2 protein chains.
Amino acid sequence: MSRQAPSQPAPRGRPRDPRTRAAILAAARALLERGGLTSVTIEAIAQKAEVSRPTIYRYWPNAPAVAMAAFLETTGAAEAAKSPRTPLAALRAQLHALADAFAAPAGRSVAAMVAAAQSETELAKAFRNEFIARNRDATRALLERCIADKAIAPPEDMELSLDLIFGPLFYRLLMGHAPITRGFVDQLLAAVIPARD
Amino acid sequence: MSRQAPSQPAPRGRPRDPRTRAAILAAARALLERGGLTSVTIEAIAQKAEVSRPTIYRYWPNAPAVAMAAFLETTGAAEAAKSPRTPLAALRAQLHALADAFAAPAGRSVAAMVAAAQSETELAKAFRNEFIARNRDATRALLERCIADKAIAPPEDMELSLDLIFGPLFYRLLMGHAPITRGFVDQLLAAVIPARD
DNA sequence: TTAACGTTACGATACGTAACGTAATATAAC
DNA sequence: GTTATATTACGTTACGTATCGTAACGTTAA
């Protein structure tokens with residue numbers, strides 16, 4: 001009996017050691033948080049991961065791609081805390097979490113990925129789809145729950161509201177002209193989300 | 001009669017040829033707009049400007065510094081159009097000009113400089129002081145004139161208002177998830193600047 | 001047999017600097 | 001005023017280094 005449409009084409013030969021991939025990503029992530037994107041070189045990753053350089057190239061085409069993979073692996077969209085009862089509180093908790101991440105060393109990684117995305121189209125696409133879009137989706141969902149609950153007045157333009165919330169956060173992260181605090185998030189929300197009228 | 005405190009200590013030796021500096025900056029600017037920051041190498045600048053590499057190093061310490069100098073030379077703060085009579089119209093014109101710049105090839109330069117600032121402290125400082133701060137100052141001044149004229153209600157936090165205006169613009173520039181149009185600016189203003197009550 | 005991985009090696013690009021010669025300008029000496 | 005001299009700008013050439021991306025080949029695990 002022969003399989004006519006195998007969903008998994010049966011991998012042949014020696015399988016990839018999962019520790020290899022993990023070691024590369026872990027090394028890239030560590031380098032990224034410490035020294036920023038410029039310190040994430042194939043050479044440095046290879047040494048830190050105790051893997052040969054050609055092996056890294058067998059997984060990813062260049063250093064920024066490894067950095068992006070490492071970044072996306074560890075940093076998902078900020079998840080809404082489950083505990084808050086009201087969607088408004090959940091929204092606030094979600095953005096507080098994002099602000100915390102931006103203020104922490106992880107914020108440097110985010111900034112580095114934004115920077116990397118400016119010069120590499122592929123990275124930009126991945127970053128938009130896997131990070132930007134996910135964060136917007138998560139926040140949009142909570143906003144709509146707030147609207148459904150009549151906790152806030154429905155905004156005229158939902159996408160504009162998202163730009164008004166995320167824009168200033170990224171702006172401060174990248175320009176560094178002012179700190180990113182939970183209080184700042186609260187200010188943003190107060191300004192952007194019209195309280196229930 | 002001897003000058004006791006000469007304001008210009010009389011430069012000695014061969015003066016710098018102004019065309020050298022101009023050629024370097026022009027070349028850097030062209031490279032920056034086309035290929036982004038990674039294409040702005042000392043090597044490429046030297047060839048395009050028809051200047052030797054050591055000469056470039058005599059002016060600036062590294063390639064990103066040249067790029068920043070070229071950027072700041074050509075892209076100042078958006079100036080308020082003189083024609084509009086009311087400060088509110090001037091504010092709108094100023095931000096329209098910024099949006100136009102962000103949407104044009106010059107926008108790529110701005111994005112490239114933001115990216116560069118993430119990995120080079122010196123550049124970050126220059127960029128904050130010479131570009132970010134200047135734009136904020138210009139807009140803040142117009143906002144205050146609007147307030148003085150009672151054209152708009154005074155915002156609770158002026159700096160927050162500036163973040164709400166500039167943040168989304170940079171956010172769209174850097175993420176590229178939506179276009180930067182004059183209509184977007186108008187939407188921003190409507191949302192952020194409470195109309196006269 | 002097939003593919004993963006290491007080792008070694010190679011050419012290419014860009015870096016930043018040094019050394020040296022020449023050109024252009026100021027100041028001082030005559 | 002003309003001439004010497006110091007000083008600086010710029011080009012040319014060269015050097016050593018870092019990192020890149022790839023190729024070749026052997027070894028190991030399925």
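A, B, ... follow the sequence lines: proteins, then strands. Residue 1 opens every chain. All of these numbers come straight from a predicted model, not from anything done at the bench. Heavy-atom basis, side chains included; hydrogens, waters and symmetry copies ignored.
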**Q** Can we say B/Arg29 and B/Glu73 salt-bridge, meaning some charged N sits less than 4.0 Å from an Asp/Glu carboxylate O?
**A**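 Here B/Arg29 does not pair with B/Glu73 in a salt bridge, since their nearest N and O are not under 4.0 Å apart.
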**Q** Whole Å only: how far is the CD atom of B/Glu120 from the P atom of C/dC15?
**A**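 Checked: the CD to P distance equals 12 Å.
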**Q** On DNA chain C, does the nearest nucleotide to B/Pro61 precede the nearest nucleotide to A/Asp17 from the 5' side, or the other way round? Give the residue.
**A**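 Upstream on the strand: A/Asp17.
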**Q** Less than 4.0 Å between a side-chain N and a carboxylate O, is that true for B/Asp137 and B/Arg134?
**A**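 No, B/Arg134 and B/Asp137 are not salt-bridged.
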**Q** Could you tell me whether A/Glu33 and A/Arg108 have a side-chain N and a carboxylate O separated by less than 4.0 Å?
**A**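 A/Arg108 and A/Glu33: not salt-bridged.
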**Q** For C/dA4, does either OP1 or OP2 sit under 4.0 Å from a side-chain N or O belonging to A/Arg16?
**A**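 So the side-chain polar atoms of A/Arg16 do come within 4.0 Å of the phosphate oxygens OP1 or OP2 of C/dA4, strictly under.
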**Q** Check the distance between C/dA23's P and B/Arg12's CZ and give it to me in whole angstrom.
**A**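 Taking atom P of C/dA23 as the reference, CZ of B/Arg12 is at 22 Å.
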**Q** State whether A/Thr55 places a side-chain N or O below 4.0 Å from either non-bridging phosphate oxygen (OP1 or OP2) of C/dG6.
**A**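 The answer is yes; a side-chain N or O of A/Thr55 sits under 4.0 Å from OP1 or OP2.
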**Q** Expressed as a whole number of angstroms, how long is the span from B/Arg58:CZ to D/dT12:P?
**A**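 Taking CZ of B/Arg58 and P of D/dT12, I get 11 Å after rounding.
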**Q** Starting at CZ of A/Arg19 and ending at P of C/dC5, how long is that distance when rounded to a whole Å?
**A**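 Spelled out: CZ on A/Arg19 to P on C/dC5 is 10 Å.
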**Q** Compare side-chain N and O positions of A/Tyr57 against OP1 and OP2 of D/dA23 and report whether any pair is under 4.0 Å apart.
**A**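 Negative; the distance criterion is not met.
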**Q** What is the distance, to the nearest angstrom, from the CH2 atom on B/Trp60 to the P atom on C/dC15?
**A**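 Roughly 15 Å, once rounded to whole Å.
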**Q** Tell me: CD of B/Gln47 to P of C/dT13, nearest whole Å?
**A**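 For the pair B/Gln47 CD and C/dT13 P, the rounded distance is 11 Å.
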**Q** Phosphate oxygens OP1/OP2 of C/dA4: is one of them under 4.0 Å from a side-chain N or O of A/Thr20?
**A**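 For A/Thr20, the contact criterion (side-chain N or O under 4.0 Å from OP1 or OP2 of C/dA4) is not met.
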**Q** Is a donor-acceptor contact shorter than 3.5 angstrom present between the side chain of A/Arg14 and the base of D/dT28?
**A**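 Checked by distance alone, the answer is yes.
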**Q** Figure out the CD1/P separation between A/Ile45 and D/dG21, and round it to whole Å.
**A**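 After rounding, the gap between these two atoms is 11 Å.
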**Q** Can you check the B/Tyr59 OH to D/dT8 P distance for me, whole Å?
**A**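 After rounding, the reported distance stands at 14 Å.
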**Q** Taking the nucleotide of DNA chain D with the closest heavy atom to each, which residue, A/Pro54 or A/Glu43, is nearer the 5' end?
**A**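 Its nearest nucleotide being more 5', the pick is A/Glu43.
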**Q** Check the pair A/Leu91, A/Arg145 against side-chain contact (heavy atoms from CB on, under 4.5 Å), reporting the backbone distance first and the verdict last.
**A** CA-CA 9 Å; A/Leu91 173 67; A/Arg145 285 190 51 201; over 6 Å; no
**Q** With a 4.0 Å cut-off on heavy atoms, is A/Thr41 in touch with a base, just the backbone sugar-phosphate, or nothing at all?
**A**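 If one applies the 4.0 Å heavy-atom cut-off, A/Thr41 turns out to touch the sugar-phosphate alone, with no base involved.
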**Q** Compute both the distance and the angle, then confirm whether B/Arg136 meets the cation-pi test with B/Phe131: under 6.0 Å from the six-membered ring centre, within 45 degrees of the axis.
**A**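 Ring-cation test returns no.
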**Q** When you match B/Asn62 and A/Arg53 each to their closest nucleotide on DNA chain C, which lands nearer the 5' end?
**A**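 Mapping each residue to its closest nucleotide by heavy atoms, the 5'-most match is A/Arg53.
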